[in-house]
Amino acid sequence: QVQLVESGGGLVQAGGSLRLSCAASGRTFSRSAMGWFRQAPGTEREFIAAINWSGSTTIYADSVKGRFTISRDNDNNTGYLQMNSLKPEDTAVYYCAARAAYITAMTEYEYDYWGQGTQVTVSS
């Protein structure tokens with residue numbers, strides 16, 4: 001079992017940066033791949049990035065590639081999403097997720113555990 005709590009969201013101007021954190025509890029986090037998703041009002045939840053259990057493999061959605069970086073610190077049971085060059089269209093609730101598997105995944109149905117979400121608002 002893994003419990004996840006996101007933090008670090010907020011209001012930022014276009015072109016700015018934010019770093020989201022995902023604090024995990026539970027002894028299996030270090031063996032779990034994790035991912036970040038986002039959901040804007042009136043839209044479906046969208047895959048952003050994923051990282052495997054060791055941090056050696058990462059994948060990104062085309063919409064954030066080159067601007068966002070996913071990472072993890074297994075010693076501290078924490079995942080991160082560094083977001084640079086933010087755009088107004090990045091405005092959404094951001095969720096971290098973990099799955100009971102070592103390898104990355106891109107669909108929300110492959111994830112077993114979810115955080116409550118953190119709001120990111122980018123002003124133009």
Side-chain angles (χ1 to χ4, degrees):
Q1 191 79 2
V2 177
Q3 292 81 42
L4 305 172
V5 178
E6 302 96 335
S7 61
L11 174 63
V12 63
Q13 288 188 330
S17 299
L18 283 174
R19 187 176 81 157
L20 304 183
S21 298
C22 177
S25 60
R27 291 178 291 178
T28 60
F29 176 75
S30 63
R31 300 192 295 274
S32 303
M34 66 166 294
W36 288 92
F37 292 75
R38 68 186 181 189
Q39 187 169 23
T43 70
E44 295 186 349
R45 194 146 51 183
E46 172 192 17
F47 168 79
I48 295 300
I51 188 167
N52 71 338
W53 69 280
S54 67
S56 63
T57 301
T58 57
I59 53 175
Y60 297 91
D62 287 344
S63 59
V64 305
K65 199 172 295 183
R67 300 189 298 124
F68 290 11
T69 302
I70 188 172
S71 62
R72 65 188 299 159
D73 179 351
N74 285 344
D75 290 338
N76 291 300
N77 276 7
T78 304
Y80 301 99
L81 184 68
Q82 177 67 43
M83 306 186 295
N84 298 329
S85 302
L86 283 162
K87 305 174 182 180
E89 51 263 44
D90 293 319
T91 296
V93 177
Y94 283 69
Y95 298 89
C96 70
R99 62 192 301 252
Y102 290 102
I103 60 175
T104 57
M106 296 176 64
T107 64
E108 60 180 302
Y109 308 106
E110 297 178 274
Y111 286 84
D112 304 289
Y113 310 105
W114 291 85
Q116 82 290 348
T118 186
Q119 176 71 46
V120 171
T121 303
V122 184
S123 63
S124 57

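Since the model is a prediction, treat every value here as computed from it, not as a measurement.
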Which residues share a side-chain contact (heavy atoms from CB on, under 4.5 Å) with Val93, sequence neighbours left out: Tyr95, Gln119
Exceeds 12 heavy-atom contacts within 6.0 angstrom, atom CD of Gln13: no
Leu20 vs Met83 side-chain heavy atoms within contact, under 4.5 Å: yes
Which atom of Ser85 lies closest to which atom of Arg67, heavy atoms considered: O-NH1, 3.0 Å
Nearest atoms (heavy-atom pairs only) where Leu18 meets Leu86: N-CD1, 3.9 Å
Test item: Thr78 side-chain N/O and Asn76 main-chain N/O as donor-acceptor pair under 3.5 Å: yes
Cationic N near anionic O, under 4.0 Å, Lys87 to Asp90: no
Aromatic plane relationship, Phe68 with Tyr94 - under 30° parallel, 30 to 60° tilted, over 60° perpendicular: tilted
Spacing of CZ belonging to Arg19 relative to CD belonging to Gln82, to within rounding of 0.5 Å: 7.0 Å
Any donor-acceptor N/O pair, Glu6 side chain to Cys96 backbone, under 3.5 Å: yes
Verify same cluster id: Tyr60, Val120 (apolar side-chain graph, 4.5 Å): yes
Atom pair OG1/CZ of Thr107 and Phe47 - distance to nearest 0.5 Å: 9.5 Å
Cluster check Met106, Trp53: I/L/V/M/F/W/Y, side chain < 4.5 angstrom: no
Minimal non-hydrogen separation, Ala50 against Tyr111, with atom names: CB-OH, 3.5 Å
Residue of the set Ile59, Thr58, Thr57, Leu81 for which side chain to side chain contact (heavy atoms under 4.5 Å, CB included) holds with Ile51: Thr58
For Ala40 against Ala92, the heavy-atom pair lying closest together: N-CB, 3.8 Å
Remaining members of hydrophobic cluster (4.5 Å side-chain criterion), Tyr80: none
Nearest atoms (heavy-atom pairs only) where Tyr113 meets Leu4: O-CD1, 3.5 Å
Atom pair CZ/CG of Arg72 and Asn77 - distance to nearest 0.5 Å: 8.5 Å
Inter-residue atom distance Glu44.CD - Gln39.CD, 0.5 Å rounding: 8.5 Å
Distance in Å, Asp73 CG paired with Cys22 SG, rounded so as to fall on 0.5 Å steps: 12.5 Å
From Met34 atom CE to Arg99 atom CZ, the distance as rounded to the nearest 0.5 Å: 13.0 Å
Nearest non-hydrogen partners of Ser21 and Trp36, listed with the distance: O-CH2, 3.8 Å
Heavy-atom check, side chain of Ser63 versus side chain of Glu89, under 4.5 Å: no
Test item: side-chain donor near acceptor, Asn84 and Ser17, under 3.5 Å: yes
Asn52 side chain reached by Tyr102 side chain, heavy atoms, under 4.5 Å: no
